[in-house]
Each structure stands twice: as structure tokens, then as C-alpha cells.
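Single-structure report; data block below.
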There are 2 protein chains.
Amino acid sequence: MAGKNTQVLMKQHPKGAVTEQDFEIVQRDIPKPGPDQVLVRNVYLSLDPYMRGRMDAVRSYAAHLNPGDMMGGGTVGLVIESNVEKLPVGTYVNGMLGWQEYAVAKANELRVLDPKVAPVSTALGVLGMPGCTAHYGLMSIGEPKAGETVVVSAASGAVGSVVGQIAKIKGCRVVGIAGGKDKCDYVVNELGFDACIDYKAGDMQAAFKAATPNRVDVYFENVGGDIMEMVFGRLNAFSRVAICGLISGYDGKPQAFTGMRHILVNRAKVQGFIISEHMGYWPGAIGEMAGWIKAGKLKYREDIAEGLTSAPKAFLGLLTGKNFGKQLVRVSPETL
Amino acid sequence: MAGKNTQVLMKQHPKGAVTEQDFEIVQRDIPKPGPDQVLVRNVYLSLDPYMRGRMDAVRSYAAHLNPGDMMGGGTVGLVIESNVEKLPVGTYVNGMLGWQEYAVAKANELRVLDPKVAPVSTALGVLGMPGCTAHYGLMSIGEPKAGETVVVSAASGAVGSVVGQIAKIKGCRVVGIAGGKDKCDYVVNELGFDACIDYKAGDMQAAFKAATPNRVDVYFENVGGDIMEMVFGRLNAFSRVAICGLISGYDGKPQAFTGMRHILVNRAKVQGFIISEHMGYWPGAIGEMAGWIKAGKLKYREDIAEGLTSAPKAFLGLLTGKNFGKQLVRVSPETL
């Protein structure tokens with residue numbers, strides 16, 4: 001291949017809130033696939049909140065990045081050169097190829113996608129990590145029962161939107177929390193939630209109380225901060241809280257929480273999880289969700305930034321709730 | 001019965017930290033047992049941290065007290081008049097007869113104690129609510145495995161001392177946290193914990209880190225506040241935290257907590273519980289613990305305040321860690 005491979009690196013650890021200056025865009029040579037390798041041209045890059053944690057030099061569930069490392073991330077791409085028989089040129093593949101235009105990979109690092117099942121971009125959203133995160137956290141930790149009240153924050157996002165729709169399928173009352181009227185209207189009118197609280201509107205507390213007359217049995221936590229504080233204050237006895245993310249605290253300012261007593265008073269269970277540790281769960285969840293998509297019961301929305309160099313700015317937007325739907329970056333055209 | 005029945009009432013809801021002025025001591029007539037009732041002379045009254053929560057006019061797992069209500073609490077007493085054939089005069093009974101000298105009760109409100117199995121006061125401690133709390137929280141929520149590190153706060157107390165000793169029996173490394181050299185020496189030298197951190201000595205953080213080289217797999221939380229903050233910072237992946245009490249926050253000043261991220265990062269499970277909701281668990285736990293006491297594997301210590309009128313002051317001491325062992329009040333002589 002002639003041409004260059006654009007990559008986005010982490011230039012430095014963020015000091016507090018991440019900025020575009022913490023990234024660096026570089027041009028590298030396009031790698032050559034060796035024996036048993038393919039060359040992939042990335043088509044979509046997934047931007048996800050977990051990436052923020054990798055940028056800090058602190059202990060977490062994954063190794064953190066060092067200055068000069070390429071940003072990691074999930075990708076959907078096209079095989080454009082192949083030394084692997086079962087991965088011919090033109091195959092759509094899902095992998096963790098990072099913030100770059102081209103990458104070489106082996107077959108065991110890639111999952112083959114069938115574009116006839118669903119648009120290939122869904123492998124990064126509803127039929128990928130965010131969708132499986134929603135399904136696992138809700139069903140395995142939340143254990144919702146019909147008639148219970150399920151609350152999910154970041155309700156219009158890649159994970160929250162799936163959590164709420166599955167909870168509706170399971171017969172629950174579902175209350176979302178999202179930022180802005182557009183997102184709340186979408187959550188209620190398009191996704192079918194029973195209510196959605198706009199945390200940017202006035203008096204979130206009163207609105208939330210009114211929307212949860214029977215208090216809260218299951219809480220799927222994506223954001224933390226004031227919203228977590230509020231929801232814990234309305235937990236029911238024997239409620240279950242799945243801690244999926246605490247995005248409000250990722251960007252340099254973890255907020256103190258006064259709600260631990262509610263865990264005791266309500267004999268609640270609060271559990272964190274990482275979906276990559278439950279890979280055996282994925283095929284069943286993806287199969288079930290693909291069926292719900294076909295049946296019109298499960299909807300999704302994507303927010304696509306154009307071009308790899310737009311990734312840093314789109315990522316900053318994701319951390320502050322500017323995206324509306326699953327945040328992707330279109331790295332290159334979807335066809336050969 | 002001639003004479004009077006001394007009772008301790010809650011005079012008013014505490015404003016912040018509870019004081020002796022929030023209690024009132026009154027003399028009432030000694031009640032007369034009706035048909036199917038006995039008159040009990042209380043011998044021991046149990047003082048427990050949960051009582052503090054009942055004094056606030058806020059939603060909790062039990063109805064709160066109103067001004068003028070008698071303080072509730074567990075008791076061991078002697079039947080001194082009886083209209084119940086199976087509860088003759090001289091029978092030792094355990095019940096929830098409250099902060100008073102005399103009470104009438106029906107048979108189904110009382111548990112008969114055999115003074116030959118163990119001293120009857122243990123029905124309020126190691127072989128009663130605190131002991132069952134320790135056993136249930138450790139085994140059912142903590143699920144300790146041999147070789148794991150178990151940490152318990154308020155380690156010399158009625159619950160903590162039993163948690164640590166059971167964890168030792170199960171083959172764990174056990175680290176206690178307690179206030180003062182005397183309590184820490186007792187926990188290590190008498191109870192056999194591997195280490196005990198004195199939170200009143202300097203540099204608790206460094207001492208705790210040194211005592212938990214393999215970090216923390218199970219945490220049995222009794223206190224909250226700075227200690228909870230510290231322990232959450234050393235949780236291992238897939239650790240389990242039983243929230244039994246948050247005594248440092250009971251007395252008017254709940255402290256903000258910055259450690260929620262550790263639940264997510266470590267995929268930890270944090271669960272609250274109330275032992276009175278697991279009554280079916282008690283007989284097996286008590287039987288097992290009685291056997292361990294006989295075998296010398298499970299030790300206990302009592303801190304006995306003399307006379308019912310000393311109860312308010314002893315309760316204040318309990319809330320600030322002044323007691324050393326299970327806090328009881330001797331209400332009357334142990335024999336008829």
C-alpha cells in the first residue's frame with residue numbers, strides 16, 4: 001500500500017479535564033500483512049467512556065496508556081489485503097484496532113460480520129460491547145421483575161437506550177435520565193420509556209420523585225455525581241444497582257457521595273462489572289437483541305463524526321453528553 | 001407487684017449528635033400479666049448502634065421513635081410471674097422488651113434460654129443478634145475463601161470480633177481496625193487476628209497498606225467514614241463488601257464518600273443487610289458458634305454498665321467507640 005496511516009496518540013496524561021491538546025495526530029507507514037495476517041482498513045471507530053480511564057496513570061482494570069501510545073478502541077473495518085484464506089478481501093471485521101486508519105491483525109483478533117444481519121456499525125453499538133453491557137448489567141445484576149421500576153441514567157446513550165428498552169420488554173416501569181428535551185423526547189416517544197427526566201431542566205428532584213411513585217427497584221448507573229445521589233435516595237428495599245459507569249467523575253473531578261447509608265437502610269446490592277470479562281454472555285445476548293431489532297422492539301441511534309481527525313473532539317463531546325446516540329467516527333467509506 | 005417500673009424514653013429527636021438530654025427517665029406502674037402472659041424482670045439490656053437510627057424522624061428499615069416513646073432494645077430477663085405453663089417462674093427469656101425494668105409478654109415474643117449452654121448474657125451478643133449478624137454477613141455476603149484477606153472495622157466490638165474469628169476459622173488472613181492500643185492488642189493477642197490497625201494512632205493508611213500486602217477480598221463494614229474510604233481504596237478485583245453498619249455517620253454527620261469508583265474498577269459487590277430479615281439463619285449459626293465457644297475457638301467480651309439509668313450514657317459511649325466488647329446494661333440481678 002502506498003499512502004500513509006493516520007493515527008491518534010495520547011500525547012500526555014490529561015491534567016483534570018481532557019482537552020484536544022492531550023492528543024496528537026501522526027502519519028505512519030501503512031503496515032504490511034505478514035503470513036496469517038490481514039490488512040484492515042478501518043471504517044468505523046467506536047468512542048466509549050471507558051477510554052477516559054485508560055488515559056490516567058492510576059490503577060484500573062486495564063493497563064493505562066503512556067504518553068505517545070496510540071489510543072485504543074473498538075473498530076469495524078474491511079479486509080483490503082489478505083494472507084488468511086477464511087478472511088478474503090472485502091470481509092467486514094470487528095476488532096480492537098484502535099484510533100488509526102489501517103491495521104494488520106490475525107484471524108483470532110477479529111470477528112467476522114455479516115452485513116445482511118444488521119448494518120455493520122451495530123457491531124460497535126447495540127449488537128456489540130454497549131448492547132451486551134446493557135443486557136448483562138440489567139439482567140444479571142439488576143434482575144428486573146415485571147412491574148418493578150427500572151431507572152437508567154444516560155438514557156439516550158448506547159448503553160442506556162438498550163437497558164431501558166429491554167426493561168420495557170420485561171414488563172417494567174422504565175424511567176430514564178438524560179440531558180435536554182430532545183434526548184428525553186426521543187427516549188419516551190421513540191424508545192417507549194414511561195418517563196424521562198431532563199437533568200438540565202429545573203427541579204430534577206421533584207420531577208424524578210413524581211416519575212417514581214413506587215420508588216426504584218433497579219438502577220443501571222452510567223453517570224454518577226448528582227444523579228447517582230438522587231437515585232440512591234429513592235431506592236426500595238432489596239433494590240439492585242449495576243454500576244456500569246461513573247462518567248461524571250471520569251474527567252478529573254470525582255464527586256463525593258453521601259448515599260452509602262441507602263445501601264444499608266435498603267439492604268441494596270451494588271455491583272460493578274466489566275463486560276469484557278463475560279465474553280461467554282455475548283453470543284446469546286447478541287442473538288436475542290438481533291431478534292428484537294428485526295421485530296421492531298429494539299431501536300438504536302448513532303451519532304457519527306466524520307474523519308479520524310475528528311475523534312478527539314467527538315470524544316470530548318461524549319464525556320460531556322454532547323453526543324446523541326452511540327458515538328462513532330467514520331474513518332473511511334463503508335465499501336471497497 | 002408493688003414498686004415501680006423504671007423506663008427510659010426518648011424525650012426528643014436528637015439535633016445532630018445525641019446527648020443525655022434526649023432521654024428521659026420515668027417511673028411507671030409495674031404491669032400485671034394477663035391470661036397467657038408472663039411478667040419479666042429484665043436482667044440485661046443490649047445497647048446496639050442500630051438504635052441511633054430509630055431516634056431520627058427519617059425513613060429507615062424500621063419505624064422511628066416519636067418523642068415520649070420508650071427506647072426499644074433486646075433484653076434477657078427472668079420470668080417472675082407466670083400465666084403460661086411452659087414459662088414457669090425462674091425461666092430465662094430473651095426478647096425485645098426495651099429500656100425498662102419490667103415487662104409483660106406472651107410466649108411467642110420470648111425465646112427460652114438454657115443457662116447451661118452458655119451464660120445467658122450471650123443471647124444478646126455472640127449467641128444473639130450481633131453474633132448472627134457477623135456470621136450471616138461474613139458467610140452469605142462476604143463468601144470468604146481460605147487464603148483471602150478479610151478486613152473488619154470495629155474489630156473488638158460485638159460483631160467485628162466474631163467476624164474476624166470466623167474468618168480465621170475459615171483460613172483467611174484477617175486484619176481488624178479498632179480504636180486504641182488496648183483494643184488492637186486484644187484483637188491480635190486474644191482473638192488471633194493477623195493484624196489490627198489502630199485508627200487513633202498516626203498514619204493509619206501506611207499501617208493498613210503494610211497489613212494488606214495482597215489487598216482486600218472481603219470487607220465487613222461497621223463504621224463508614226474515613227475507614228471505609230481507606231479500605232475501598234485497597235479492594236481487590238471481585239471483592240465483596242458487607243455493609244452492616246455505618247456508625248460514624250449515625251450521629252448527625254454523614255460523611256461524603258469518594259470511593260464509588262472502586263466498586264466499578266474492581267467489579268466489587270457491596271451489599272447491605274439486616275439480620276432480623278434472616279431469622280431462619282439464626283439457629284444454625286447459633287449452634288455452630290456455641291460449638292466454637294465450647295472448643296475455645298470463639299471468644300467474646302462484654303462491657304457491662306450498671307443500672308438501667310446508666311443506659312443513656314453507655315449508649316453515647318457506644319456511638320463514639322468508648323465500649324470495649326459487647327455493650328450491655330445490667331438492669332437487675334441475674335438470679336431470682
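By convention in this document, chain letters (A, B, ...) are assigned in the order of the sequence lines, proteins followed by strands, and residues within each chain are numbered from 1. Just so we're clear, the structure is a prediction, and the values are computed from it rather than from any experiment.
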For this session: Start with the C-alpha distance between Met260(B) and Met260(A), add both sets of side-chain angles, then the distance that settles side-chain contact (heavy atoms from CB on, under 4.5 Å), and finish with yes or no.
Result: CA-CA 9 Å; Met260(B) 291 298 284; Met260(A) 291 298 285; 3.6 Å; yes

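Ranking Arg240(A), Glu221(A), Met228(A), Gln271(A) against chain B, the residue ahead of the rest is Gln271(A), based on heavy-atom pairs under 4.5 Å.
Leu264(A) and Ile243(B) make their closest contact through CD1-O, 3.3 Å (heavy atoms, listed as atom of the first residue, atom of the second, distance). Arg261(A) and Leu246(B) get closest at one heavy-atom pair: CA-CD1, 3.5 Å. A pairwise comparison of heavy atoms in Phe273(B) and Arg267(A) identifies CA-CG, 3.7 Å as the closest pair.
Sequence neighbours left out, the pairs with a member in residues 206-235 of chain A that pass ring pair (Phe, Tyr, Trp, His ring centres under 6.0 Å) are Phe232(A)-Phe257(A).
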